[in-house]
Structures are given as C-alpha cells and as structure tokens.
Amino acid sequence: MIDRLAWAALALIHALPALALFNPALISRLYGVAPEDGGFLLLHHRAALFACIVTLCLWAAADPGVRRAASVITAVSMLSFLILWQGAGRPAALRSIAVADLVGLVPLGLALWRAWR
C-alpha cells in the first residue's frame, strides 16, 4: 500500500506540468513564457515528457516489475532539475517547481528504497 501511495504522489507532482500538453495556456502560467516565444515549443514538448513520467509512475504503482526503472527515470528527472536550478542561481521564477521537486524527494526516496531493497 505504501508503495502505491508513494508512486501516486510522484504521479501527482508531475501531473500539472503534464497537463500543459493538453492545455498549452498552462505553459504561460507555469513558466511565464509567451506562446510566440521560441522556448514555448520546447516547454510544450517537455509537457509530453512529463506525461510519460506520470504514466510511468502510475504504472509503477500498479506493477512492481517496473519500479526499479521508474525510480531511476523519475529520480533523473527530479534531481537533474534541482541541480540545474541550483547551478543557475536558483531563479525565483522557477522556485515553485523546485519546491515541488524538493517535496517530491520524500516519496521518491521511499520509492527508490522500496524498489531497490
């Protein structure tokens, strides 16, 4: 049960940015990037990748056989953002994303530990 809750929490953390795939207006709200900006397309594509992470986390909640791979992929996604954000001087515009990822380290740590023990 605890495994499923951890994976559900990870899916939930990634759900809002994934929804931007279907509702591109969220990109402007989440990241402050206008549709005419060249980075908008990259962020729209990023939303598709987050949809993949949500799908993988939900799959891991249901199937223990994918939890090791899912834990590595989810960890790379979350930790790489935090490292890049820190390296960029912790831009205030992306602080809410960093906070979500920091909070997500708790269920991620649990998921990693349970998948690899």
Side-chain angles (χ1 to χ4, degrees):
M1 178 68 164
I2 191 133
D3 294 315
R4 288 184 179 184
L5 289 173
W7 286 109
L10 289 167
L12 185 62
I13 287 168
H14 292 90
L16 185 59
L19 287 175
L21 177 62
F22 307 103
N23 183 3
L26 281 173
I27 294 169
S28 296
R29 287 199 347 231
L30 290 172
Y31 310 112
V33 177
E36 57 276 358
D37 187 309
F40 191 88
L41 177 61
L42 287 174
L43 290 171
H44 202 181
H45 179 259
R46 181 178 184 263
L49 297 175
F50 274 111
C52 292
I53 291 175
V54 169
T55 302
L56 187 58
C57 289
L58 293 174
W59 187 4
D63 183 355
V66 301
R67 289 181 181 160
R68 284 186 172 186
S71 67
V72 170
I73 291 167
T74 306
V76 167
S77 173
M78 294 172 70
L79 294 172
S80 66
F81 175 77
L82 289 169
I83 290 166
L84 292 168
W85 179 72
Q86 175 70 29
R90 301 191 310 186
L94 301 175
R95 182 170 290 136
S96 62
I97 298 166
V99 168
D101 278 357
L102 284 168
V103 169
L105 292 179
V106 174
L108 176 63
L110 179 61
L112 279 162
W113 178 70
R114 302 272 298 181
W116 291 92
R117 64 185 170 116

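Count residues from 1 along the sequence. The analysis underlying the following values was restricted to heavy atoms, covering all of them including side chains, and did not include hydrogens, waters or symmetry mates.
The nearest pair of heavy atoms linking L112 to A75 is CD1-CB, 4.3 Å. Closest non-hydrogen pair, W7 versus S71, comes out as CH2-N, 3.4 Å. Across C57 and T74, no two heavy atoms sit closer than the pair SG-OG1, 3.7 Å. Between L30 and P17, the shortest heavy-atom distance links the atoms CD1-CA, 4.1 Å. R95 and R90 make their closest contact through NH2-O, 4.1 Å (heavy atoms, listed as atom of the first residue, atom of the second, distance). Between V54 and A18 the shortest heavy-atom distance is CG2-CB, 4.0 Å.
With rounding to the nearest 0.5 Å, the separation of CD1 in I97 from CE in M78 is 12.5 Å. Residue T55 holds its OG1 atom at 13.0 Å from CZ of F50, rounded to the nearest 0.5 Å. Considering CZ of F40 and CZ of R46, their distance stands at 13.0 Å, rounded to 0.5 Å. Within the model, atoms CG of L102 and CH2 of W85 stand 6.5 Å from one another, a figure rounded to the nearest 0.5 Å. Atoms CG and CG, on L49 and L42 in that order, are 10.5 Å from each other to the nearest 0.5 Å.
Among pairs with a residue in residues 67-83, those fulfilling salt bridge (Lys or Arg N to Asp or Glu O under 4.0 Å) read D3-R67, at least two apart in sequence or across chains.
Under the rule for a side chain to side chain contact (heavy atoms under 4.5 Å, CB included), the partners of A47 that lie at least two apart in sequence or sit in another chain are A20, L21.
Remark: W59 CH2 is loosely packed, at most 12 non-hydrogen atoms of other residues, nucleotides or ligands lying under 6.0 Å away.
L108 and I2 are not part of a single hydrophobic cluster, where members link through side-chain heavy atoms under 4.5 Å apart. By the rule that hydrophobic residues join a cluster once side-chain heavy atoms approach within less than 4.5 Å of another member, L58 and I13 end up as members of separate clusters. Linking Ile, Leu, Val, Met, Phe, Trp and Tyr residues whenever their side-chain heavy atoms come within less than 4.5 Å places L94 and L19 in a single cluster. The hydrophobic cluster containing L79 also contains V72, counting ILVMFWY residues as joined when their side-chain heavy atoms lie under 4.5 angstrom apart, directly or transitively.
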_If you apply the rule side chain to side chain contact (heavy atoms under 4.5 Å, CB included), what do you find for L10 with I53, and how did you get there?_
CA-CA 9 Å; L10 289 167; I53 291 175; over 6 Å; no
*Run the side chain to side chain contact (heavy atoms under 4.5 Å, CB included) check on L82 and L105 step by step: do they pass?*
CA-CA 10 Å; L82 289 169; L105 292 179; 4.0 Å; yes
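Using a distance-only test at 3.5 Å, with no hydrogens or angles considered, a donor-acceptor pair links the side chain of S80 to the main chain of S77.
The cationic group of R117 lies under 6.0 Å from the six-membered ring centre of W113 and within 45° of the ring axis, placing it in a cation-pi geometry.
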